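Inspection log for the structure reproduced underneath, given as structure tokens.
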Amino acid sequence: MTRSNRILTFLFLLGLALFVWWGDKHSDQFVFLWRVLNFGAIYALAAVGYTVINGITGQFSLGPHGFMLLGGYLTTLFMLPMHQKKVVWLFTPLSWPFNQFTLPYSGFILALIAGGILAVLASLVVGIPALRALRGDYLAIATFGFGEILYVLACNFMGLTNGAMGVKGIPRYTNLAWSVGALAVLTYAAVRLKNSSYGRALRAIREDELAAESMGINVFRHKLLAFMFSAFCAGVAGGLMATLIGTITPDLFRFFMTFYLLMIIVLGGLGSISGAVVAGFIFAAIFEALRFVDTAVVPGMRMVVFAVLLILVMLFFRRGLFGREEFTWDWLWHGAKRAWRWAWAKMS
Amino acid sequence: MGENELILSLQSLTMKFGGLVAVRDFSMDIRYGELVGLIGPNGAGKTTIFNMITGHYPPTEGQVIFAGRDITGLPPWQVVRLGIARTFQNIRLCREMTALENVLISFHPRLRSSVFAAILPSPRYIREERRMRERGMELLSAVGLEKWANFRAGALPYGLQRRVEIARALATQPKLLLLDEPAAGMNPQEAQDLMGFIRHIRETFNLTVFLIEHVMQVVMGICPRIRVIDFGVSIAEGTPEEIRNNPKVIEAYLGEEALRA
Ligand SMILES: Nc1ncnc2c1ncn2[C@@H]1O[C@H](COP(=O)(O)OP(=O)(O)OP(=O)(O)O)[C@@H](O)[C@H]1O
Ligand SMILES: [Mg+2]
């Protein structure tokens, strides 16, 4: 079975690669769908990281929007063309060293990784004091405050961010190859992490921190590890988002972003990585489809619709779409077999 | 190490919670290989003594010396790594995980591969993981739990959960095992079986065992030496026979009977 699973996985990845290649090639014919899939992949990426700390490790962070902001701005500063840098930072000059250089397209991957690394460094600054505290809710408070501080800084550090006016004309490098590619790589990493010995330690911490510590697990270090992983995912997602939209303002990464991600991981099933991925795409699809509600009805109405949807999901799927389970081929296979038998019984 | 050397020496431990003195000036020595019981009525301070040994509560006063080393104030995860494992009065398993996974948690601190190696996974990590699983199964077999390896721990009957918890403690490769009321909630027959089981693992794994028990009869049959505390103060120590006939002990337990009545 594992052998055929491996073949199935290979075929799936091949199909995905073909689809991504084809989708990017014909993006101008399916503008809406292409946009939804890109946003979906980016939300899913941030959500995968978020569920590692919130769902798998059980530590309530409210920080992903802050990490996305850092990744978004750093990637922007790396990739914005020189002429655009001169146009945007008109009143306050752009700070060194970003006024000295810009990366060509070939450096895009470096810019994304740098965004992730900056987010990881920030996660250390917040996580080391907050995760050492004995009480669990310190992390929620600290990350929330951190996000607010970053917002204020982004509005006022004109030399780096151009303040509330934001930055326009970012090259739109993000396409399905980048967004789905990053999602695939980091989802693989998250799944591996969850199923490894480290993941067992993280799950043990969620279930009974005291017991885990009594078995020799250094709880603090493992929480920090999960937090750093989630920050990296969010940082990369922020970079992808900036280069998808082409504009960045501090308002793009306010608390509502974390609220979206929270809805996504709850919808997917807290602690389920497959759930986070699927729910990320569902969220993006509904979110874009409901865009007219905001423009035609009342601004902000979309969120009301979402809140209602979330409540419905909570009522009918208590533990989200996936619970804590993961998608596996066996699961699909058994489901298909059951559906087939059912259909067969109906017909005869 | 001579037969008479001390594995654990508790020196004038005192634990205060605000105004409440849960344990007062408690001293005790345990030699390698001993099986010692600690008994006392409800709220006497037994669990608190364990918590001071394992680092869950830093003692207000006094020292914990383990194998000749002062371990007072070390965090629990370091204390375990030095060789003191414990179980909890109210079983604390990771209920959503399988019995085997619960045991594997205890192996994790000794994993050599980095987190990057585990994510890739590197050949060395794959070898380590396979080895851990083998050893986990060996351990479960040694305690008669191999049938239950892939059952969710929370779904097992109470008696088996207790054994999984003990197996998980054994997986940390302890020299000293602390058992906090392992027979709590069991009927007399189950309690007897469990005591046999404890004797068995003590011999197989060459352990020193320090055992808390609430019901006097249970420890009487298995521990050659018993210490009694009441209201945080040590009131007697001796063989089961001596303890049974000690007027102070009878009074402490009678007091409890009177409270229950
Ligand atoms: N963390 C704590 N904070 C405050 N008081 C505590 C704490 N832990 C224990 N105590 C108190 O210390 C006293 C001793 O408690 P302990 O749990 O050690 O008793 P015990 O002998 O294990 O009793 P039992 O047989 O009920 O398990 C009790 O009065 C208890 O309420
Ligand atoms: Mg107790």
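This structure is a prediction, so every number in the text was calculated from the model and none was measured. Chain A is the first sequence line, chain B the second, and so forth, proteins listed ahead of strands; every chain is numbered from 1.
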- Identify the two heavy atoms, one from A:A211 and one from B:F88, that lie closest to each other, and give their separation to 0.1 Å. CA-CE1, 4.4 Å
- Task: For the pair A:E213 and B:V79, evaluate side chain to side chain contact (heavy atoms under 4.5 Å, CB included) and give the outcome as yes or no after the intermediate values.
- Result: CA-CA 10 Å; A:E213 195 182 22; B:V79 174; over 6 Å; no
Per-residue contact mode, [X] against chain A (heavy atom under 4.5 angstrom):
X: B:R92; answer: both
X: B:A85; answer: neither
X: B:S113; answer: backbone
X: B:R110; answer: neither

- SG of B:C94 to CD of A:E207, rounded to nearest 0.5 Å, is 5.0 Å
- Query: Atom CZ in B:R112, atom OG in A:S197: separation rounded to 0.5 Å?
  - Reply: 14.0 Å
- What pairs of residues pass the salt bridge (charged side-chain N to carboxylate O under 4.0 Å, His left out) test when at least one of them lies in residues 176-200 of chain A, not counting sequence neighbours? A:K194-A:E326, A:R200-B:E129
- Identify the residues of residues 147-172 of chain B whose heavy atoms come closer than 4.5 Å to a heavy atom of chain A, ordered by number, or report 'none'. B:R168, B:A169, B:T172
- Is any side-chain heavy atom of B:P109 closer than 4.5 Å to a side-chain heavy atom of A:I217? yes
- Message: What I'd like to find out is whether the side chain of B:H56 reaches to under 4.5 Å of the side chain of A:S214, using heavy atoms alone.
- Response: yes
- With sequence neighbours excluded, give me every ring pair (Phe, Tyr, Trp, His ring centres under 6.0 Å) pair touching residues 92-145 of chain B. A:Y198-B:H108, A:H222-B:H108
- Task: For atom CG of B:N90, decide whether the heavy atoms of other residues, nucleotides or ligands shown that lie under 6.0 angstrom number more than 12.
- Result: yes
- Query: Near A:L332 CG, under 6.0 Å, is it more than 12 heavy atoms from other residues, nucleotides or ligands?
  - Reply: yes
- Task: Sort out for me which of B:L111, B:L120, B:V115, B:I105 touches chain A most, counting heavy-atom pairs under 4.5 Å.
- Result: B:V115
- Is A:R203 salt-bridged to B:E101, going by a charged N under 4.0 Å from an acidic O? yes
- Contact origin within A:L210 toward chain B - heavy atom pairs under 4.5 Å: both
- Task: Please list, chain by chain and in numerical order, all residues satisfying side-chain hydrogen bond (donor to acceptor under 3.5 Å, both in side chains) with A:S196, sequence neighbours excluded.
- Result: none
